[in-house]
Every structure is written in structure tokens, then in C-alpha cells.
2 protein chains.
Amino acid sequence: MDRKVQKEVGAMLTAKGAATRQRIIEGTSAEVRERGAAATTLDDVRARTSTSKSQIFHYFPGGKEELLLAVAAYEAERVLSDQEPFLSALTSWEAWHNWRDRVVERYRTLGVHCPLGVLITELGRKTPAAQALTAQLLERWQERLRAGVAAMQRIGEIDPGLDADRTAASLIAAVQGGVAVLLSTGRADHLEAALDTTLDLLKSSGRRTPELLHVGASGDPT
Amino acid sequence: MDRKVQKEVGAMLTAKGAATRQRIIEGTSAEVRERGAAATTLDDVRARTSTSKSQIFHYFPGGKEELLLAVAAYEAERVLSDQEPFLSALTSWEAWHNWRDRVVERYRTLGVHCPLGVLITELGRKTPAAQALTAQLLERWQERLRAGVAAMQRIGEIDPGLDADRTAASLIAAVQGGVAVLLSTGRADHLEAALDTTLDLLKSSGRRTPELLHVGASGDPT
DNA sequence: TTCCTTCTGGACCTTGCGGTCCACTTTACC
DNA sequence: GGTAAAGTGGACCGCAAGGTCCAGAAGGAA
């Protein structure tokens with residue numbers, strides 16, 4: 001078996017080459033988080049990763065655009081994996097709250113340096129490829145949430161009359177909106193409020209189903 | 001009385017000057033909506049507004065940064081005024097739905113060319129002045145929504161136990177999140193879903209108050 | 001060892017764009 | 001109508017930053 005690794009048609013990478021390529025991606029990723037995509041220059045990347053211009057263009061012939069796209073894909077993968085294991089097992093309210101806490105804590109820590117936010121807002125609008133990548137990420141994310149909602153509906157904790165996909169969409173919007181506000185003001189209040197509010201709706205919808213009805217305790221938002 | 005208009009200390013504008021200044025702002029605003037702030041060059045502005053470099057720097061000595069800040073302020077004003085008269089009279093569910101329709105329709109029309117989104121995401125992160133402007137806009141917006149929630153609480157349509165400010169915050173997040181998704185995918189589904197979901201929660205919370213209790217009809221989300 | 005491919009370093013080119021300068025015109029007030 | 005301030009046009013500058021090129025080093029298969 002060949003020790004060289006095939007990247008795509010016609011492109012071979014040695015172990016050393018693959019390492020360099022990865023180093024460039026991760027260095028760029030860090031740079032983008034700190035300064036934004038537009039403000040990140042190839043010279044910054046070159047300095048940070050101890051490489052040279054020729055290497056960047058060797059591994060990313062499309063130049064800066066191709067590099068940023070690779071970084072976006074790299075980050076997109078992390079967005080979902082960072083929410084595990086909670087995201088894949090939203091089968092109890094405890095799991096949902098753990099997920100909520102994970103999301104809030106992650107973005108609170110990242111603050112302005114949210115990788116996805118940066119890439120979505122700076123790349124998504126111009127590059128069709130980046131836009132497709134974003135759309136695909138959101139779809140996968142939403143599908144996980146939809147599955148979680150459906151699971152809760154099955155055990156009677158969420159009103160079966162609700163549209164699971166639409167509900168998942170509004171959860172996505174809650175997160176994205178909270179992050180948007182966080183990015184522009186530095187405060188995570190909206191993120192928490194939006195998630196809590198939406199989760200409260202889901203909880204109370206379950207309580208309202210006939211067989212489990214026990215009204216009176218109107219979901220305390222604190 | 002002087003025909004010249006005082007702008008700030010030491011700066012006088014004739015009617016002609018004021019008109020030119022305004023033309024520059026509006027032209028830049030349009031350019032930014034179409035291409036983004038970073039991609040908008042002073043030459044674009046110059047061509048579009050039939051002016052010259054010297055005029056831009058005459059009216060905005062701080063260069064591009066000052067110009068964009070002026071545009072941001074101009075747009076921020078429009079964001080709220082575009083939601084009138086609904087935003088200031090959220091005293092019935094009809095008013096709330098009219099407001100919701102106005103927001104959805106506006107952003108659906110604007111699509112990728114959302115002025116606030118562009119400015120928040122491209123300027124907010126770097127310029128402290130722009131960030132302050134954004135924060136202030138969100139605060140004013142949230143205060144209007146908070147007042148609306150409080151009004152509905154007073155007439156028993158929303159659970160008085162809810163934190164009005166926190167609820168308003170989650171509505172803000174719903175809008176911002178929907179817009180964020182719209183910006184990166186071109187679809188307004190999330191915006192609608194998030195607003196509808198949140199409004200449903202508020203409605204059902206009112207229904208749950210003791211004196212108005214008539215359970216069974218679990219808020220149909222369609 | 002030999003030969004081919006991949007990898008690396010860095011000088012160099014090109015261009016786009018923010019910003020400057022200065023001469024000239026128009027407006028406003030006396 | 002004179003004069004000073006405000007408004008206007010456009011040539012020009014400097015530099016940052018993306019991108020090119022080529023010579024040479026390192027690595028792998030025979």
C-alpha cells in the first residue's frame with residue numbers, strides 16, 4: 001500500500017505534507033477566530049504557522065478563498081462534535097438542559113471569537129460554496145434537534161401536535177440569535193433567555209397534553 | 001437667522017453641503033446593502049453618488065470608518081421606524097401579529113441585503129463606537145418589546161409571572177437568529193418559526209392563568 | 001545510487017484602495 | 001461686488017496584501 005495519501009484526483013500528500021497542510025488550516029483557524037476572516041492576511045498565517053507563501057498556495061491552489069473554505073469545513077465539524085454527547089441523545093429534559101448548558105458555556109467562553117459566526121457572516125454572503133457549507137451544517141444540526149423533539153413527543157413530554165422540524169428550526173434560530181447578539185454586544189443574556197424560553201414552551205406543551213395534564217405550575221422562567 | 005446649519009462645534013454646512021453629505025450617506029448605505037461593508041470601496045461610493053474623494057473626506061474627515069459609522073446610525077434609525085406603528089402599540093394579539101408580519105416581510109424582501117446584519121457583523125466586532133451603537137439599538141428595541149409584553153400582562157393575555165424583559169430578550173434573539181440564518185442560507189423559515197414559536201408560548205402562558213383557563217386547544221403552530 | 005515527485009524558502013510582481021493635496025468654483029454675508 | 005468660507009474635481013501617493021516564480025532541499029520507489 002502506498003505511503004502517500006491521495007487527497008483528490010492527481011494530488012498526493014506525503015505524511016509531512018499532510019501535517020503541514022493541517023498546520024496551516026489550524027493556524028488560519030486560530031487567526032480567524034482572533035481577528036476575523038477579512039482581517040486575516042496570508043502573511044499572518046505564514047508567520048504563525050512557520051510556513052511560506054509557496055506552501056500555502058501549494059496546498060490551497062485557490063488561494064485565500066480555498067483556504068478559508070477549508071477552515072470553514074474544519075470549524076463546521078467542530079461545532080457539532082462540541083455538542084456531543086448531548087446532541088445525539090436528547091431523550092430527557094435532563095439531556096436537553098445539559099445540551100443547553102453546553103451551548104451557553106461554549107459560546108460564553110468563546111465570546112467574540114465564535115468561529116462559526118465569523119465564517120458565516122464574513123464568507124457566507126459572498127462565496128456560494130461557503131453558503132452551501134453553512135446550509136448543510138444547519139441542516140444537520142436541525143435534524144439532530146428534530147430527532148430530539150420527536151423522541152420527547154414519543155414519550156409524551158412534548159405535545160405531539162407540534163411540528164418537530166419547525167420547532168427544531170426555532171431552536172436553531174434561538175441559538176443563532178443569541179450568538180449574534182453576543183457577537184455584537186458581548187453579552188450572553190439573550191442566548192440564555194431565548195433557549196430557556198423555547199425549552200419552557202416545549203415543556204409546558206407536554207404538560208398540556210390530556211393524559212398528563214396537571215396545570216397550575218406555570219413554568220417559572222428563572 | 002443663519003442659513004448655514006451648524007453640524008457640530010466649528011463645522012458649518014450650507015444647504016447644498018448638507019444635501020451632498022446626505023447623498024453620500026444614502027449612497028453608501030445602498031452600496032453596503034448590496035456588497036457588504038468591507039467590499040464597499042470609497043471609489044464605489046464616489047461613482048454612485050457623483051461626488052469626489054475630496055468631498056467624502058470633507059464631510060467625513062475620519063475616512064471610511066467615520067462614514068460607515070454614520071451609515072450605521074442612519075440604518076439603526078430605520079430599523080425601528082420601519083416597524084412602526086406596530087412596535088409602539090403592542091397591546092393586542094392582533095398588533096403582535098401585525099408586527100410579526102411586518103418583520104418577516106421586511107427581512108424576506110431584503111434577503112441578504114439586511115443593513116443591520118451587515119453592519120453589526122462587519123463593523124460591530126472591531127469598532128467600539130459601532131458596537132456601542134448596536135448595543136443601544138438593541139436596548140431600545142428590547143425596551144419597546146418589553147413594554148408590549150408588560151401591556152399584555154396587564155390585560156391578562158400573558159402570564160404575569162413571566163419576566164417581561166427576559167421575554168423581550170428572547171424575542172430579539174428570535175429575530176436576530178432568523179435573520180442570521182436568512183443571511184447565510186437565503187431562507188426565512190427559521191425567522192418565521194422562531195417568532196411563531198415564541199408568540200405561541202406567550203399566548204399559551206396567558207391561557208394558563210387561573211381565571212382564563214380553558215385548556216385542551218394546545219396552540220396549533222401552523 | 002538514481003531519478004522523479006513532493007515540499008520549502010523567499011524574492012518579486014501587481015493591483016486595489018484608503019488617503020492626501022491643491023487648484024478651482026460656488027455660496028453666503030457685508 | 002468684494003471677500004472669506006464652504007464646496008468640488010481629480011491627479012497623485014504609499015502601502016498592504018494577494019498572488020507568481022523559480023531554485024533548491026527532502027522524501028520515496030526502483
Side-chain angles (χ1 to χ4, degrees), chain A residues 1-25 27-28 31-32 35-71 122-123 126-127, chain B residues 1-25 27-28 31-32 35-71 122-123 126-127:
Chain A
M1 187 155 174
D2 222 321
R3 297 229 9 225
K4 292 181 182 176
V5 177
Q6 181 152 22
K7 198 185 77 184
E8 23 185 281
V9 184
M12 295 295 242
L13 290 181
T14 65
K16 193 179 179 186
T20 300
R21 189 186 137 95
Q22 189 59 24
R23 201 169 77 245
I24 292 175
I25 289 183
T28 307
E31 204 73 19
V32 166
R35 316 151 63 111
T40 294
T41 73
L42 295 187
D43 269 331
D44 292 335
V45 173
R46 192 189 49 67
R48 179 170 206 137
T49 60
S50 301
T51 52
S52 64
K53 277 278 188 71
S54 69
Q55 297 182 68
I56 297 178
F57 280 86
H58 179 67
Y59 296 108
F60 306 93
K64 191 180 185 183
E65 187 172 321
E66 185 178 341
L67 172 58
L68 287 179
L69 192 61
V71 170
E122 292 193 56
L123 294 188
K126 40 187 261 192
T127 319
Chain B
M1 188 159 175
D2 222 323
R3 297 231 5 225
K4 291 180 182 176
V5 178
Q6 181 151 23
K7 198 184 75 183
E8 22 185 282
V9 184
M12 295 297 243
L13 291 180
T14 66
K16 193 179 180 186
T20 300
R21 190 186 137 94
Q22 188 60 24
R23 199 169 79 246
I24 292 175
I25 289 183
T28 307
E31 205 72 20
V32 166
R35 315 152 64 112
T40 294
T41 73
L42 295 186
D43 268 332
D44 292 335
V45 173
R46 192 189 49 68
R48 178 169 205 138
T49 61
S50 300
T51 52
S52 64
K53 278 279 188 69
S54 69
Q55 296 182 68
I56 297 178
F57 281 84
H58 180 67
Y59 295 109
F60 306 93
K64 192 180 185 183
E65 187 172 319
E66 185 178 343
L67 173 58
L68 287 179
L69 192 61
V71 170
E122 291 193 55
L123 293 188
K126 41 187 258 190
T127 321

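Given the structure is predicted, the values throughout are model-derived calculations rather than measurements. By convention in this document, chain letters (A, B, ...) are assigned in the order of the sequence lines, proteins followed by strands, and residues within each chain are numbered from 1.
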Dump the pairs, protein N or O against N or O of nucleotides 12-17 of chain C, anything under 3.5 Å, distances to one decimal.
none

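- For D:dA5, the OP1/OP2 oxygens have no side-chain nitrogen or oxygen of B:Thr14 closer than 4.0 Å.
- Not counting sequence neighbours, the partners of B:Ser52 by the side-chain hydrogen bond (donor to acceptor under 3.5 Å, both in side chains) test are B:Ser54, B:Gln55.
- Contacts of B:Thr20 classified as side-chain hydrogen bond (donor to acceptor under 3.5 Å, both in side chains), with partners at least two apart in sequence or in another chain: none.
- Dashed line: the shortest gap from a side-chain N or O of A:Gln55 to OP1 or OP2 of C:dT8 is under 4.0 Å.
- If you measure from atom CD1 of B:Ile56 to atom C1' of D:dG10, you get 13 Å, rounded to the nearest angstrom.
- When each of B:Ile25, B:Leu67, B:Ile24 is checked for a side chain to side chain contact (heavy atoms under 4.5 Å, CB included) with B:Tyr59, only B:Ile24 meets the rule.
- Rounded to whole Å, the distance from CG on B:Leu67 to C1' on C:dG19 is 14 Å.
- Across the protein-nucleic acid pair, B:Phe57 atom CZ and D:dG10 atom P stand 17 Å apart, rounded to whole Å.
- Remark: the A:Ser54 side chain and the C:dG9 base include a donor-acceptor N/O pair separated by less than 3.5 Å.
- Taking atom CD1 of residue B:Ile24 and atom P of nucleotide D:dG7, one finds them 11 Å apart after rounding to whole Å.
- We find that CG of B:Leu13 is positioned 12 Å from P of C:dA28, with the value rounded to whole Å.
- Applying the side-chain contact (heavy atoms from CB on, under 4.5 Å) criterion to B:Thr127, with sequence neighbours excluded, gives B:Glu65, B:Ala129, B:Ala130.
- For C:dT8, one of the phosphate oxygens OP1 or OP2 lies less than 4.0 angstrom from a side-chain nitrogen or oxygen of A:Tyr59.
- Mapping A:Arg23 and B:Glu65 onto DNA chain C by nearest heavy atom places A:Arg23 closer to the 5' end of the strand.
- A:Lys53 is linked by a side-chain contact (heavy atoms from CB on, under 4.5 Å) to A:Leu42, A:Asp43, A:Arg46, A:Phe57, counting only residues two or more places apart in sequence or in another chain.
- B:Thr41 pairs by the side-chain hydrogen bond (donor to acceptor under 3.5 Å, both in side chains) definition with B:Asp44, not counting sequence neighbours.
- At whole-Å resolution of the value, CZ in A:Arg46 and C1' in D:dA17 are 12 Å apart.
- In this entry the distance linking NE2 of B:His58 with C1' of D:dA5 reads 9 Å, nearest Å.
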